[in-house]
Structures are given as C-alpha cells and as structure tokens.
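Below is one structure, written out as structure tokens; comments come after it.
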Number of protein chains: 2
Amino acid sequence: MLAFSVEFKSGVPMYEQVVFAVKKAMISGQLRAGEKFPSVREMSKELKINPNTAQKVVAHLVREKLLTIEPGKGSFVNDFTRATDEKFDEVLVPQIEQLVVEAKRLSIDQDEILKAIQNLWNKEQGE
Amino acid sequence: MLAFSVEFKSGVPMYEQVVFAVKKAMISGQLRAGEKFPSVREMSKELKINPNTAQKVVAHLVREKLLTIEPGKGSFVNDFTRATDEKFDEVLVPQIEQLVVEAKRLSIDQDEILKAIQNLWNKEQGE
DNA sequence: CTAGGTGTACTATGTTCTATAATACACTTA
DNA sequence: TAAGTGTATTATAGAACATAGTACACCTAG
C-alpha cells in the first residue's frame, strides 16, 4: 500500500501524473519528511506501471529536490519547504497567466477564481 | 502584420503556443469579435510555420468556438463571452489545483498568489 | 560471505504526437 | 476565369512516451 494514489487519465504522461500525486501527498501530510519513499520496483507493482516509468518519477522528484537517494538503501522524502531552487517567476507566473486567460475566455469573474483558490488551498491541508 | 505575436519557446508545441497567443489577443482586445482572422497561408508566412501547423491552430480555435469559418471567404473572430460550452470544473479547477500544489511546494503564501492573479488580471485588459 | 533489495544505465520495440513538405479539391469572391 | 479561402491527403522525420528485458554498483540482513 502506497502513501499516495493516482487516477490515470489520458492526455497527460503517466510519470507526470504520478509526480503530481506525490506532490499532493507531500503537501497534504500523507508523505512526511524523512519517511521512506516507495522503491522503484514497489511503485511499479502497486501502480501497475513499467519500472522504467517509475524510475522516471524518482528521477524527476530527485531533480526537484523532493527526494534524497541513499545508495543501496532507497529514497527518502525531503522537507519540501526547503527543497527548491526554482523561481517564482519561472514556475508560477506562466501558470497564473494561463489561468487568467482561460478564466477570461470562459467569462468567469475574478472573485470566483479567487474563491476557488482559497477553497482548494484550505482543502489540501497539511493534516 | 498579424494582430498577435508569438515568442516560440521549446517544450510546448508550436500550435499550442499560437492558440494561446490568439486567446490573449482576444481578451486584450487586439482581436475583436467580427474581425477577419488571418488565413492559414498568411499565418504560415508571418509566423514562419508550416501551413499544416497553422491549419491545426485554426482547427483548434474552431473546436473551441472562438472562430467561425465562412467557406471560401475565411475565418472570423467570435464573441468569446458566448463562445464556449466548456465547464468551469473541467477546465479551471484542474489548473487551479496544479497552481495551488506548486505554490505550496514552493512555500509561497496564499496572499502572494492572489495578488499575482489580480495583477495579471488587470494587465491583460480589454482595451 | 551471501542473498536480496536498493537506484541506475542500457538497448530495443512500438505507439503517438509534432512539424515539415508537397499536392489536391471544393468553395467563394473579384 | 483567376485568385484566395479552408480542408484533406500522403509522406517523411524527429521526439516523447511506455513497455520489456538485462545488467551493474551499492548497501543491508541473514
């Protein structure tokens, strides 16, 4: 049994969906800093994905400094509050711009967007 | 000269980047309802992309009901405020969820996100 | 020391998407 | 009629994705 689950949908690469599921589990407290992260082969079995795809997930999470590898032992969850060197402008701003454009295209009020963010923000809470 | 411009960057399909640029031009008023949209061949020349790629852009915009085709004459810009049948939950919520997760991962305050949205919202203004 | 579990690397195959190229056709307008 | 529309087709090339199988270096438990 894994500390996170994935509902695969088409259109998005499986490894990206797993990475996202892991991030959600981290910010919601289902995966805590210091805990052992599932091994490549375990993820492969549990999620019914290819070992190479599972390995791709680990590689991505390591690159984002969300996991630390201890050779021979396994991978472990980092403290995500100090885990990144990515910039606000490079990561968040493009996403926000896209959100704003789509919202305006759908003729949705700004307040509605802001409320939706506050709702989701409080929903995925760290325990 | 087109009513919109694109700064192509790698990692995202060209046709998607053009579609996004068109949407931005629409909500900012650079492309208005009723106006003639550039022809496939004109887009191809101006943006230096393949005619098939330009055609793909038109097809996507038609599917989203942002353009209307008048056979033999060309394509024309729709009123995007009444142009969609997509649902809030299907389109916006996944984007918002992703934004929230990334923000929390980067340890960014909710206020900072909300302010950034308000800024961009007012920046891409309809004239 | 040995067996088994780690992450990791490599080759290979098949599918899908992307982008290009070159034609061709039905349609409408000037 | 000539030229400009969107659209469809076939073809090629490259990249990304997912699978499969194998192998290696590392560490730990027995």
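Small disclaimer: the values here were computed from a predicted structure and weren't measured. The chains referred to below are lettered A, B, ... by the order of the sequence lines, with proteins before strands, and numbering in each begins at 1.
The CG-C1' distance, from B/N50 to D/dG14, rounds to 14 Å in whole Å. Between A/H60 atom NE2 and D/dA18 atom C1' there is a gap of 13 Å when expressed in whole angstrom units. Nucleotide D/dT19 holds its C1' atom 16 Å from the NZ atom of A/K48, rounded to whole Å. In this structure, CE of B/M43 is placed 12 Å from P of C/dA19, rounded to the nearest angstrom. A/F76 has its CZ atom 18 Å from the P atom of D/dC26, to the nearest Å. Note: CE (A/M14) to P (C/dT16) measures 15 Å, nearest angstrom. Following rounding to the nearest Å, B/L47 (CG) and C/dT18 (P) show an atom-to-atom distance of 18 Å. The distance between atom CD of B/E42 and atom P of D/dA3, rounded to the nearest whole Å, is 18 Å.
Distance alone, capped at 3.5 Å, is enough to place a donor-acceptor pair between the A/K104 side chain and the B/W121 backbone. Side-chain atoms of A/D79 come within 3.5 Å of backbone atoms of A/T81 as a donor-acceptor pair (strictly under, hydrogens ignored).
Looking at A/K73 and A/E70, a side-chain N of the basic residue comes within less than 4.0 Å of a carboxylate O on the acidic one, giving a salt bridge. The pair A/E112-A/K115 does not meet the salt-bridge criterion, since no charged nitrogen lies less than 4.0 angstrom from a carboxylate oxygen.
A/V101 places a side-chain heavy atom less than 4.5 Å from the side chain of B/F20. For the pair A/I49 and A/Y15, the minimum side-chain heavy-atom distance is 4.5 Å or more.
Each of B/K73 and A/E16 was assigned the nucleotide of DNA chain D with the nearest heavy atom; the assignment lying further toward the 5' end belongs to B/K73.
Between C/dA19 and B/K56, no contact under 4.0 Å exists linking OP1 or OP2 to a side-chain N or O. Residue A/N52 has no polar side-chain atom (N or O) positioned under 4.0 Å from OP1 or OP2 of D/dA18. Phosphate proximity of D/dT19 to A/T53: present, with a side-chain N or O under 4.0 Å from OP1 or OP2. The side chain of A/Q55 places no N or O atom within less than 4.0 Å of a non-bridging phosphate oxygen (OP1 or OP2) of C/dG7.
If you check C/dT8, C/dT18, D/dC17 against the side chain of A/Y15, the one that comes closest is D/dC17.
Residues from residues 64-72 of chain A placing a heavy atom under 4.0 Å of any atom in DNA chain C, listed by number, are A/I69, A/G72.
Here the rule is side-chain contact (heavy atoms from CB on, under 4.5 Å) with B/I117, and of B/I113, B/N119, B/L120 only B/I113 fits it.
With hydrogens and angles ignored, a donor-acceptor pair under 3.5 angstrom links the side chain of A/R41 to the base of C/dG7.
A/S39 comes within 4.0 angstrom of sugar-phosphate atoms only, judged by non-hydrogen atoms across all strands, and of no base.
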